[in-house]
Novice: 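What follows is a structure written as structure tokens; I'll ask about it next.
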Amino acid sequence: MTWIDFPLYSGIVFAFWVIGLIVLLISYKKKPLIKAANILFTLGWIVLIVFVVKLWIELDRPPMRTLGETRLWYSTFLPLIGFITFFRWKYKWFLGYSFIMAIVFLAINYLNPETYSKTLMPALQSVWFVPHVLVYLFSYAVLAASSIVAIKGWYDNYQGNFKIETLKLADNLVYIGFSFLTLGLLFGALWAKEAWGHYWTWDPKEVWAFLTWMGYLIYIHYRHFHPNKSKQALTILALAFVVLLVCWFGVNYLPVANNSVHTYTD
Amino acid sequence: MNNNTTQIRRNLWEAPWGYVESFFIGIGLMLTGFFLEIASSSGSNFTISYPYNLYFLTGFIAFLLVLYFVFGNTQLVRWLTKVPASISSIVLVTSLVMIMGIVPQVPSENGIVTNLGLNKITSNWAFLLVLFQFLTCLGLITIKRITQFNVGNIGFILNHLGLFLALTAGMLGTGDLQRLSLNTYENKHSWIATDANNNIVELPFAIYLNDFLIEEYNPKLALVDNETGNIADNSGKNLYLIDKGEDYIYNNYEVKVEEFFVTSGRIGDRYMPVNDLGSPPSAYISVKNIENDSIVKGWISCGSFAHPYQSLKLDDNYSFVMTIPEAKKFSSDIDIVSKNGEKTPTILEVNKPFKYDGWKLYQLSYNDKMGKWSQLSVIELVRDPWLPVIYTGIFMMIAGAFYMFWVGNKITKNQ
Ligand code: HEM
């Protein structure tokens with residue numbers, strides 16, 4: 001079981017999820033079908049989780065080192081976020097969005113064959129590695145989801161039927177995402193102290209993670225004190241997401257990238 | 001739309017100060033900082049160390065308490081404890097850190113960058129002044145909530161006080177932080193370390209290196225282009241570890257690893273298991289070209305500092321080579337010897353530092369040209385007396401994050 005089997009597994013997952021999405025769409029007309037959609041989503045999700053677990057066992061190290069492995073985790077987490085928001089707050093469109101994004105990440109992985117490398121440098125062999133990375137990935141996925149909500153908010157605004165509920169969903173997601181972002185940042189600091197002797201070195205990735213954190217901090221405070229200024233809040237949320245994207249993908253292209261301990265070895 | 005009629009327009013600088021005034025003050029501080037930066041063109045970094053940083057911290061907290069309890073009714077303090085002041089200072093700190101995220105923090109040729117100190121943001125006056133306002137806001141708001149304590153404030157206090165502690169202690173603690181690196185050699189005592197600026201520092205104890213150990217992964221197999229020497233298969237992603245009996249497919253070659261030795265020596269035209277200083281790994285592989293069924297067999301080895309490498313040429317275009325093994329684990333078996341001769345034996349490993357007499361010892365590196373035959377182990381020694389305060393702040397924030405995750409949900413559930 002390695003990435004060689006990925007086309008097979010991702011094909012099965014893909015089939016379940018696409019049919020699930022179609023059923024979800026029909027369920028806007030025929031309500032009870034939502035159950036069927038959720039069953040299809042769940043089945044696909046289980047297959048994906050089986051793949052992740054087997055890959056982990058086979059690689060003999062956490063599959064969290066390369067960009068492809070990271071994308072695999074997004075595909076695994078997005079359904080979870082979709083399910084949580086659906087069962088808590090009943091957002092159907094958001095459930096659909098989560099699965100579409102998960103499919104996109106699977107597709108990118110399918111088109112970019114992945115490394116089979118089993119090696120893991122000593123500094124990464126730490127009890128902090130898994131929590132640090134998982135917490136971050138989860139946080140990014142949730143915060144990315146909050147920006148989709150922001151885009152919907154803008155669109156609704158433009159159409160003239162903006163509802164404050166949309167912003168409240170964004171708030172929920174930002175609170176969840178932000179608390180995980182804080183944990184990711186702090187776990188990283190504790191780990192860095194164990195591995196490199198200092199908890200914070202202003203490494204480029206750290207700088208941008210800090211900036212992302214500050215961006216969402218502005219949003220949280222702004223929202224809390226100006227609950228009715230929805231347009232400004234949406235703008236702040238969009239800007240914070242731009243910073244997050246730089247942190248996520250862009251750092252490697254900045255002039256500061258040379259010296260980062262975080263650049264992925266692909 | 002009848003809101004507009006009830007909303008009375010406020011003049012600039014009329015109480016309460018809003019965003020315009022807040023940014024006015026914040027940007028004013030920042031520009032002052034940049035002027036100071038230009039004026040004090042000395043290249044040296046400004047840091048304060050014990051006991052002055054402790055005085056500073058005590059003074060700062062006293063200053064905040066006096067501000068809050070004595071001048072609590074002034075326009076200034078009321079402004080500092082409201083959101084516009086906080087948001088403007090968060091935005092300005094963010095902007096300055098963003099400069100750090102774009103301009104490399106190394107000596108620069110660029111006049112503007114150097115004069116404004118954009119390549120040393122963490123000790124830049126503009127940053128320090130803006131951060132001072134930031135911490136003042138944070139400190140005052142924390143005092144406010146602590147004095148108005150109720151259970152619902154716990155999350156707030158964990159987050160804000162935690163951040164305040166972690167940041168102030170982190171900033172002020174840099175002056176007392178010592179990071180030394182010490183070269184140790186097998187079967188020798190070492191106690192002369194160097195700091196970041198290559199100054200010599202004599203340690204109050206010595207370190208005796210009994211043994212430096214390295215565990216390696218097996219080497220990997222790579223298909224390379226004869227002409228360019230670049231890895232030809234799938235942009236270097238799919239490199240497999242070499243092990244006896246493995247079969248792999250690289251492009252249109254089927255590879256079978258028939259023999260593999262972890263340490264070996266070349267004898268005539270073949271390799272044999274040998275365990276000398278610098279004996280490299282080697283493997284005997286057989287490669288079948290799927291297109292024309294031709295088979296090539298031969299030895300490959302990555303070589304070492306003492307021996308040349310050996311590749312296997314398949315045809316005019318491609319060869320198979322063995323990559324240099326990557327380290328899996330490295331560690332130093334050491335004795336720490338105090339001035340009066342007491343020995344403390346321990347093993348240092350990456351991610352497993354050891355605490356001794358207020359110092360923390362880390363396995364840093366080794367002579368990577370020599371790889372597993374390195375006689376040198378570099379040990380890093382760190383002393384950071386402010387760490388307990390910083391950790392208190394960090395753990396408060398961790399608790400605060402859990403609280404936020406939990407309550408963030410609750411608020412919406414009740415609505
Ligand atoms: C760990 C980072 C932070 C988190 C998680 C956080 C979170 C929050 C939350 C959730 C609130 C509103 C909830 C409540 O009133 O109980 C709040 C209020 C506030 N925060 Fe923060 N905050 C953080 C950092 C900061 C910083 C750095 C500043 C200022 C520089 C600041 C200034 C304020 C102010 C002024 C209020 C209003 C308090 C009041 O009016 O009583 N916060 N914060």
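Lettering follows sequence order; numbering is per chain, from 1.
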Novice: Measuring heavy-atom distances to chain B, does A:Trp200 have an atom under 4.5 Å in its side chain, in its backbone, in both, or in neither?
Specialist: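 Looking at A:Trp200, nothing touches chain B.
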Novice: Looking at A:Phe87, I'd like to know if the NZ or CZ of A:Lys90 sits under 6.0 Å from its six-membered ring centre while staying within 45 degrees of the ring's axis.
Specialist: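 Verdict for A:Phe87: no cation-pi partner in A:Lys90.
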Novice: Of all residues at least two apart in sequence or in a different chain, which pass the salt bridge (charged side-chain N to carboxylate O under 4.0 Å, His left out) check with B:Lys372?
Specialist: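 If we apply the salt bridge (charged side-chain N to carboxylate O under 4.0 Å, His left out) test to B:Lys372, skipping adjacent residues, the hits are B:Glu216.
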Novice: Given a strict heavy-atom distance threshold of 4.5 Å, which part of A:Val174 is in contact with chain B: side chain, backbone, both, or neither?
Specialist: neither
Novice: Any residues in residues 209-219 of chain A near chain B, with a heavy-atom distance under 4.5 Å, and which are they?
Specialist: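 Within residues 209-219 of chain A, the residues that come under 4.5 Å of chain B (heavy atoms only) are A:Phe210, A:Leu211, A:Trp213, A:Met214, A:Leu217, A:Ile218.
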Novice: Which answer fits B:Ile390, side chain, backbone, both or neither, if we ask what part of it has an atom under 4.5 Å from a heavy atom of chain A?
Specialist: side chain
Novice: Against chain B, label A:Ile84 side chain, backbone, both or neither, depending on which of its atoms sit under 4.5 Å from a heavy atom there.
Specialist: neither
Novice: Which of residues 82-98 of chain B get closer than 4.5 angstrom to chain A, counting heavy atoms alone?
Specialist: B:Val83, B:Ile87, B:Ile90, B:Val91, B:Val93, B:Thr94, B:Val97, B:Met98
Novice: Are there over 12 heavy-atom neighbours, none belonging to B:Phe354, within less than 6.0 Å of that residue's CZ?
Specialist: yes
Novice: When heavy-atom pairs shorter than 4.5 Å are enumerated against chain B, which of A:Lys193, A:His224, A:His221 gives the highest number?
Specialist: A:Lys193
Novice: At a 4.5 Å cut-off on heavy atoms, which part of B:Tyr403 comes close to chain A: side chain, backbone, both, or neither?
Specialist: neither
Novice: Checking heavy atoms, do the side chain of B:Lys360, its backbone, both or neither come under 4.5 Å from chain A?
Specialist: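 Looking at B:Lys360, just its side chain touches chain A.
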Novice: Sequence neighbours left out, what passes salt bridge (charged side-chain N to carboxylate O under 4.0 Å, His left out) with B:Glu246? Give chain and number order.
Specialist: none
Novice: For B:Phe164 and B:His160, I'd like to know if the aromatic rings sit close, meaning centre-to-centre distance below 6.0 Å.
Specialist: no
Novice: Side-chain donor-acceptor pair under 3.5 Å between B:Ser331 and B:Gln363, yes or no?
Specialist: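 Side chains of B:Ser331 and B:Gln363: no pair found under 3.5 Å.
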Novice: Would you mind checking which part of B:Asn218 comes under 4.5 Å of any heavy atom in chain A, side chain (CB onward), backbone (N, CA, C, O), both or neither?
Specialist: neither
Novice: Does any heavy atom of chain B fall under 4.5 Å from the side chain of A:His226, the backbone, both, or neither of them?
Specialist: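 Interface part for A:His226: side chain.
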Novice: How about B:Tyr391 and A:Tyr199: are their ring centres within less than 6.0 Å of each other?
Specialist: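 They do not qualify: ring centres at least 6.0 Å apart.
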